[in-house]
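A short worksheet on the structure shown next.
Naming: A, B, ... by sequence-line order, numbering from 1 per chain. The figures here come from the full heavy-atom set of this structure, side chains too, leaving out hydrogens, waters and symmetry mates. Nothing here was measured: the structure is a model prediction, and the numbers come from that model.
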Number of protein chains: 2
Amino acid sequence: MVAEMKMNVPGPRISRARFSHIYLTLRSRICLLDYPPGQRLREEDLAAEFHTSRTPVRRVLARLEDEGLLRSVHGVGTIVTDIHIDELQQVYQLRVEIAELIGKLHPVHPGREEMDVYKKLLSRCEALMEKPDAREFARLNMEFFHLLMRLTGNEPLKAISERLYYQTNRIWLKTASELAQYDDVLLNEISVFQREMTDIVAAIECGDLHVVGHIRRAHIAMSFARLYAAAHPPEEAAGKDIV
Amino acid sequence: MVAEMKMNVPGPRISRARFSHIYLTLRSRICLLDYPPGQRLREEDLAAEFHTSRTPVRRVLARLEDEGLLRSVHGVGTIVTDIHIDELQQVYQLRVEIAELIGKLHPVHPGREEMDVYKKLLSRCEALMEKPDAREFARLNMEFFHLLMRLTGNEPLKAISERLYYQTNRIWLKTASELAQYDDVLLNEISVFQREMTDIVAAIECGDLHVVGHIRRAHIAMSFARLYAAAHPPEEAAGKDIV
DNA sequence: GCCCATGCTGTTGTATACAACAGGCCATTC
DNA sequence: GAATGGCCTGTTGTATACAACAGCATGGGC
């Protein structure tokens with residue numbers, strides 16, 4: 001009820017809504033590589049696009065910089081940060097540990113209509129197997145993540161998990177786009193993802209949210225291992241050398 | 001050499017240093033209750049105090065608002081958030097889980113001079129037993145926390161732990177200041193803290209940083225339990241009712 | 001006497017002009 | 001011809017004027 005009372009506040013609402021809109025839009029563009037690493041963003045361009053001035057835009061950019069997605073340099077520009085799997089190892093290690101807390105802290109069992117959303121994502125994933133598309137895969141991954149976050153009622157946990165997720169989720173698209181065996185890798189990744197979703201949905205239907213955490217943990221760890229292996233070819237000549 | 005060239009960059013350095021200074025100062029004031037919950041901060045006053053304009057101050061306030069320490073309301077003011085133990089339960093639950101990760105992820109064993117700092121804090125704690133002082137206790141607690149953070153090399157873990165710590169660490173000072181048996185509670189709390197520090201120092205000297213995490217976890221959980229009990233008297237009439 | 005409307009005051013949010021800064025271009029010089 | 005110095009452009013950081021907003025007091029109407 002307290003939350004609903006806040007909905008009545010009209011003044012700050014439009015301000016916060018605009019901030020949220022710009023923030024989510026830019027974050028999405030960064031994570032889908034619409035703004036690839038190294039891209040320079042001009043504050044005035046963004047201000048014009050969102051029909052506002054630089055001031056609100058700078059608020060958003062400052063937050064994205066806090067989260068490690070941007071870097072503003074005086075006199076140069078605001079640049080999308082580059083990422084490398086080596087620098088993300090710590091984030092992945094933390095994500096692995098925290099993944100288990102979903103389903104452990106304040107577990108929330110989804111209702112029927114929420115399960116339908118899972119089913120819908122699963123069918124979209126099957127369709128993706130027929131017609132692979134990296135961007136759609138990335139979107140699916142993000143939507144699935146946000147759905148998983150609804151399994152816990154612990155708000156700080158949600159916020160932290162989301163922050164860490166968005167610090168790492170670009171790396172897959174970036175690595176994939178640099179790889180030679182693009183289609184093979186993509187198809188394999190989709191297949192793995194499909195299995196993860198299937199397993200997690202099964203675990204939820206069993207009512208055991210702890211298991212969801214374990215599955216998730218395993219998949220995050222394996223995902224990192226695959227990315228790490230792709231960036232560090234095992235001694236002998238690999239398919240393609242990055243760097 | 002490349003790193004040293006960046007040391008010559010004067011421009012952004014002073015900007016970031018100023019931001020950091022204002023941020024740390026305000027956060028400290030909030031957490032030491034120099035700015036008690038409900039206090040209204042005027043952006044112009046802060047700007048004058050730090051010899052700058054509202055713009056940089058607003059950057060800091062925005063971040064403190066993100067972290068839940070402030071709340072800006074258009075047309076009203078920027079207000080220090082009020083806190084209640086019930087609303088912090090989720091944060092505490094998360095802190096309990098995350099505490100164990102210190103010493104587990106990328107453990108860093110302190111050197112001799114760092115151990116001396118621990119010893120120095122311990123002696124300050126002993127002195128505090130003789131002459132209890134809530135504010136000095138809070139400071140000691142904060143310094144000890146920051147020292148503990150040096151036990152891990154995982155930077156994201158540090159950042160998250162710090163964020164969660166500062167979301168909760170005011171509640172003790174606030175609860176204590178509202179309590180009747182002020183001195184007794186304070187002395188007991190110092191005593192408990194002294195035991196925690198002693199145990200943790202012993203664990204570090206044994207070289208087992210995992211144990212440090214377990215000790216820390218136990219103490220955070222117990223600290224929450226004591227605060228919760230103080231706010232929710234066990235049915236029958238207690239010493240004093242809050243609310 | 002009470003109630004409502006309206007203006008007043010003080011605050012945060014926004015827009016914008018200006019300062020500080022980095023990088024590249026070009027002319028000048030050795 | 002190459003190197004170096006200064007200028008020039010474009011960008012982010014800062015300061016400040018103005019708009020939007022909430023709360024309160026005050027006065028008029030009933």
Side-chain angles (χ1 to χ4, degrees), chain A residues 5-23 25-26 30 35 37-82, chain B residues 2-23 26 30 35 37-82:
Chain A
M5 282 182 59
K6 289 186 179 181
M7 298 301 284
N8 286 336
V9 180
R13 238 214 355 247
I14 68 160
S15 174
R16 311 232 169 213
R18 174 158 65 182
F19 173 87
S20 189
H21 172 62
I22 301 177
Y23 170 74
T25 303
L26 294 188
I30 293 172
Y35 296 151
Q39 168 98 12
R40 241 184 45 203
L41 306 182
R42 296 195 345 104
E43 296 178 350
E44 288 208 48
D45 289 350
L46 295 174
E49 176 184 350
F50 293 104
H51 303 92
T52 180
S53 78
R54 282 177 56 204
T55 308
V57 170
R58 282 179 62 78
R59 269 180 82 104
V60 173
L61 296 183
R63 175 147 167 189
L64 288 169
E65 189 176 357
D66 272 348
E67 295 175 353
L69 302 183
L70 292 179
R71 173 159 185 81
S72 287
V73 183
H74 189 178
V76 177
T78 303
I79 297 155
V80 178
T81 53
D82 199 357
Chain B
V2 176
E4 284 163 10
M5 284 181 58
K6 288 192 176 181
M7 296 303 285
N8 287 336
V9 179
R13 251 230 325 267
I14 70 161
S15 175
R16 312 234 169 213
R18 175 158 63 184
F19 173 87
S20 189
H21 171 62
I22 301 177
Y23 170 74
L26 293 188
I30 293 172
Y35 297 151
Q39 169 97 14
R40 242 185 43 203
L41 306 182
R42 296 194 346 105
E43 296 178 352
E44 287 209 50
D45 289 350
L46 295 174
E49 176 184 349
F50 293 103
H51 303 93
T52 180
S53 78
R54 281 177 57 205
T55 307
V57 170
R58 283 179 60 78
R59 270 181 82 103
V60 173
L61 296 183
R63 174 147 169 190
L64 288 169
E65 189 175 358
D66 273 348
E67 295 175 353
L69 302 184
L70 293 179
R71 172 157 185 81
S72 287
V73 183
H74 190 177
V76 177
T78 302
I79 296 155
V80 178
T81 53
D82 199 357

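Rounded to whole angstrom, the span from the CD atom of A/E44 across to the P atom of C/dA15 amounts to 13 Å. Per the geometry, CZ belonging to A/R16 stands 15 Å off C1' belonging to C/dT14, to the nearest Å. Atom CD1 of B/I14 is separated from atom C1' of C/dA20 by 9 Å (rounded to the nearest Å). Rounded to an integer number of Å, the gap from A/R59 CZ to C/dT12 C1' is 10 Å. One atom, NE2 of A/H74, and another, C1' of D/dG10, lie 11 Å apart when rounded to the nearest Å.
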Between the protein and nucleotides 5-10 of chain C, list the N/O to N/O atom pairs that are separated by less than 3.5 angstrom.
{"from": "C/dG10", "atom 1": "N2", "to": "B/G75", "atom 2": "O", "distance (Å)": "3.0"}

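Side chain of A/R58, nearest nucleotide from D/dT12, C/dA15, D/dA15: D/dT12. Here D/dG13 is the nucleotide among D/dT14, D/dG13, C/dA15 with the atom lying nearest to any side-chain atom of A/E43.
Note that OG1 of A/T78 is 10.5 Å distant from CG of A/L26, once rounded to the nearest 0.5 Å. Between atom CZ of residue B/R59 and atom CZ of residue B/F19 there is a gap of 6.0 Å, rounded to the nearest 0.5 Å. Atom CD1 in B/I79 sits 9.5 Å away from atom CG in B/L70 (nearest 0.5 Å). Taken from CD in A/E67 to CG in B/D66, the straight-line distance is 8.0 Å, to the nearest 0.5 Å.
One finds no side-chain N or O of B/R54 lying less than 4.0 angstrom from the OP1 or OP2 phosphate oxygen of C/dT12. Applying the 4.0 Å criterion to OP1 and OP2 of C/dT12, one finds that A/S15 has every side-chain N and O outside that range. At the phosphate of C/dT14, OP1 or OP2 sits under 4.0 Å from a side-chain N or O atom of A/R18. For B/T55, no side-chain nitrogen or oxygen approaches OP1 or OP2 of D/dG13 to under 4.0 Å. Taking only side-chain nitrogens and oxygens, B/T78 comes nearer than 4.0 Å to OP1 or OP2 of C/dT12.
The shortest side-chain heavy-atom distance between B/L41 and B/D45 does not fall under the 4.5 Å cut-off. Within the 4.5 Å cutoff, no side-chain heavy atoms of A/I22 are placed close to those of A/L46.
No contact: A/L61 has no heavy atom under 4.0 Å from any strand.
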